[in-house]
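First the structure, in the form of structure tokens, and then the observations on it.
Note on naming: letters A, B, ... go to the chains in the order of the sequence lines (proteins, then strands), and numbering restarts at 1 for each one.
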2 protein chains.
Amino acid sequence: MPQESCAFACRFGRIDPRRVEVPRGTLVSTLMMSPLEHAGKTVTIREVAEEAGVSVGTVSRVLNAPATVRPATLEKVRAVIDRMGFQPDPRAQNMRRRTTMTVGFIINDITNPMHSNVFKAAEAELRPRGFTLHLVNTGGEPQREAAAIDMLQRGRVDGLMMTINSEQDAECRARLATLRVPGVLLDREVPVHIDSVMTDHATGMRQAVDYLIGLGHRRIALITAGTDISPGRERKRGFVEAFANRGIPCPEDLIRARHLSAAYGQRETSTLLRLADPPTAIIAGGNQILVGVLHAIQQQGIEIGRDLSLVTCDRTDLATTYPGPLTLIDRDVEAIGRTAADLLLERMAEKSVDPPRRVVFPTTLILGHSCGPPRPRAA
Amino acid sequence: MPQESCAFACRFGRIDPRRVEVPRGTLVSTLMMSPLEHAGKTVTIREVAEEAGVSVGTVSRVLNAPATVRPATLEKVRAVIDRMGFQPDPRAQNMRRRTTMTVGFIINDITNPMHSNVFKAAEAELRPRGFTLHLVNTGGEPQREAAAIDMLQRGRVDGLMMTINSEQDAECRARLATLRVPGVLLDREVPVHIDSVMTDHATGMRQAVDYLIGLGHRRIALITAGTDISPGRERKRGFVEAFANRGIPCPEDLIRARHLSAAYGQRETSTLLRLADPPTAIIAGGNQILVGVLHAIQQQGIEIGRDLSLVTCDRTDLATTYPGPLTLIDRDVEAIGRTAADLLLERMAEKSVDPPRRVVFPTTLILGHSCGPPRPRAA
DNA sequence: GGACTAATTTGAAACGATTTCATTTGCCTG
DNA sequence: CAGGCAAATGAAATCGTTTCAAATTAGTCC
């Protein structure tokens, strides 16, 4: 019966892909190797000490301060450690040292390529220093964010890197103000004593708008995050300033700054394109928004770069690949993650409390295929 | 000086976006709120006991077995706990309970949307049960994978979910064989006593190929992972079987199964398209490979769906958005993550060792805009 | 060889909870 | 009110490591 494919009628020409409900997975029991009795009788430092004929304190020093133990003893104890396969129990170390060698990473959505790239870079910086990362995905719900901060800082991590959903949320702000471990805020601005790594979204946006104005555009639309977080606020500011600098009236009616989501991007794009005097250029202020913008545009049969100019923020597979690379406001996401990790490492090392640091990263306008001179659209 | 944009010469018409090196971020010191002396004098159970006039054992029972304590005492102690803001130190709990309420997640690349979606789903399932996740990004390096397993299972986590880079790696296999904590393998097949969550890539591929054959294609190319991991092996098997079922000779020369990367996808696509008898359809067996395939195709000025049919694996923004949705082999990634978490939860709850379970998820062929009848390409 | 100093090592006390076990308390019945 | 039983409590052990004062050993000089 090689006719399986007949079940999938070809629906060439429709936009929406057919989404067939995926049934629950099948459970198959298998028996491979024997259970193997990995009894894992853990060896303790006490047993090592007894076996080596020394005290536990000496074994501890062999591991943590080898210089203070006589070479002969050192060698003897090390041999026993290797032979018995002893490894100190991290739980006991955490307990005694009041430390965990763990950093918490609280993020809105790890699925977002910007976030996962920041995480990756931070992890790459922290791992060689012996740190492991706890990742909490909050889905942008403030109470989960607050709960995550509470849970993690209570002896679970030595430091915290995070992005919160709204800078205005009282619960989160209160937690940040009384943080018990070093912390770094990512792209968020909260009037609290804490380090932060920011991006100069305003300048990036100003450059992009200026570029579009230079091409002849006046009806430029901006769709971006809400103004309760720095990226939304700064992008909007840069947008407005670009017009002001040129002495050209800003098309306030084309600014949409509410959410960072594909759905929002799609909805607002559809609305904008139906206006009596529609935009000749759209700036997608966020990589999720871009997805929505493109979906909306596809439904209208508009060709990007010819009928409509498009600028997006952040380098994603979609932005660099969409038939031809899009013009985009880029930033070095890896450097951001690395820097956040560095700031945290410093804070965790020296307990000095004073002054909070703030690192601002620049953006770069990268020209792609998605912009051209404005072209009046026929109705 | 609104002339900032003059620095960015419009390079309309070139494919490669201009990549300007982003300078290191600017460091700005700021002083906001006063240091706040969040001394955070931690309250211990001993202090609570003394304050409430009971023993530490009673306080512990108030928290862990409220039913065994007299209502009057319960209330009294709870009041003190609230007043002093006592929360048990997780480090001490871990120590005594021989547990951490933490699960390790070892992954190749968290930047891959499939991986991050699996993680997200698993986290959503585990968090309400009180578990937090350690995420280790290995970059696919076997020694890092082995090191991660070692580090995590040694008293740092209660369970482990993971994908390894190659099922053949001796180091990793050895670790898996002697795992001391419950574990779940994701999309990997290793002859070891461990649970796994798999995808039926072979059937998905067979359907896709059969669909293309039905459209008239014979020169179909497959670019996918190496055969040292289940996805590559299974996809290749399904590919071959589809032809066998139809009694049509399989174009072995068009099978490329080595790496899961954009670079590999781009390189192989370029090569394939330059063949004397090039493929009329390409199957991108992996979301990263898709990126490379599309980049290669763009360089040739080929129109997908007309000049060349394309099928991809896994639903990503790019796959659903690339001018029109692509035909794709879909799977329920969330269900996979959720199921992996469920398997692990069961194992962690009851210590029963026997038989390893294997859940196989089906795939679904979703028809988009990217396939059509084969069209001979003019040279 | 003895005295003194410096270098090692030891043993016990944390660290902060949970858990066990013996003891006390509270309650009920006869 | 005494006796018996169940429930509640407290004291102490435990988890595995680090740390620190005290004790031991080694080394040096006369």
SB check B:Glu171 B:Arg175 (cutoff 4.0 Å): yes

Give the rounded distance in Å between these two atoms: CZ of B:Arg70 and P of C:dT24. 16 Å

Do B:Arg357 and B:Glu346 meet the salt-bridge criterion of a basic N to acidic O distance under 4.0 Å? yes

Quick one: do the A:Asn94 and B:Arg156 side chains pair a donor with an acceptor below 3.5 Å? no

Within this structure, what is the CG-to-C1' distance between A:Leu74 and C:dT8, rounded to whole angstrom? 12 Å

Round to the nearest Å and state the distance from A:Ile45 atom CD1 to D:dC15 atom P. 15 Å

B:Glu189 atom CD, neighbour heavy-atom count above 12 within 6.0 Å: yes

Please list residues of residues 82-99 of chain A whose heavy atoms come under 4.0 Å from any atom in DNA chain C, ordered by number; otherwise none. A:Met95, A:Arg96, A:Arg98

May I ask you to say what A:Thr44 touches in the nucleic acid, namely base, sugar-phosphate or nothing, with a heavy-atom cut-off under 4.0 Å? sugar-phosphate

Counting only side-chain nitrogens and oxygens, does A:Thr73 get under 4.0 Å of the OP1 or OP2 atom of C:dT9? yes

Kindly say if B:Ser55 contacts the phosphate of D:dA11, meaning a side-chain N or O under 4.0 Å from OP1 or OP2. no

Indicate every side-chain donor-acceptor pair of residues 66-83 of chain B with a distance under 3.5 Å to a residue at least two apart or in another chain.
residue	atom	partner	partner atom	Å
B:Thr68	OG1	B:Ala65	O	2.9
B:Arg83	NH1	B:Glu51	OE2	3.3

Mind listing the closest non-hydrogen atom pair of B:Asp158 and B:Val181 along with its distance? O-CB, 3.8 Å

Value in whole Å for how far the C1' atom of D:dG16 lies from CZ of B:Arg154: 11 Å

What is the distance, to the nearest angstrom, from the CD atom on A:Glu47 to the P atom on D:dC15? 10 Å

What is the bend of the helix from C:dG1-D:dC30 to C:dG30-D:dC1 when you compare the axis at one end with the axis at the other, using five pairs each and rounding to 10°? 40°

OP1 or OP2 of C:dT8 versus the side-chain N and O atoms of A:Arg61: is any pair under 4.0 Å? no

Quick one: CG on A:Asn137 to CZ on A:Arg144, what's the gap to the nearest 0.5 Å? 7.5 Å

A:Thr58 side chain near C:dT10 phosphate (N/O to OP1/OP2, under 4.0 Å): yes

Does a side-chain N or O of A:Asn64 approach OP1 or OP2 of D:dT18 to a distance below 4.0 Å, or not? yes

Between C1' on C:dA17 and CD1 on B:Ile81, what's the gap in Å once rounded to a whole number? 13 Å

Which class fits the ring pair B:Phe105 and B:Phe119: parallel under 30°, tilted 30 to 60°, perpendicular over 60°? perpendicular

What integer distance in Å separates A:Arg156:CZ from C:dA17:P? 13 Å

Might you confirm whether atom CD of A:Glu50 has over 12 heavy atoms from other residues, nucleotides or ligands at distances under 6.0 Å? no

Quickly work out the B:Arg46 CZ to C:dT18 P distance and round it to whole Å. 12 Å

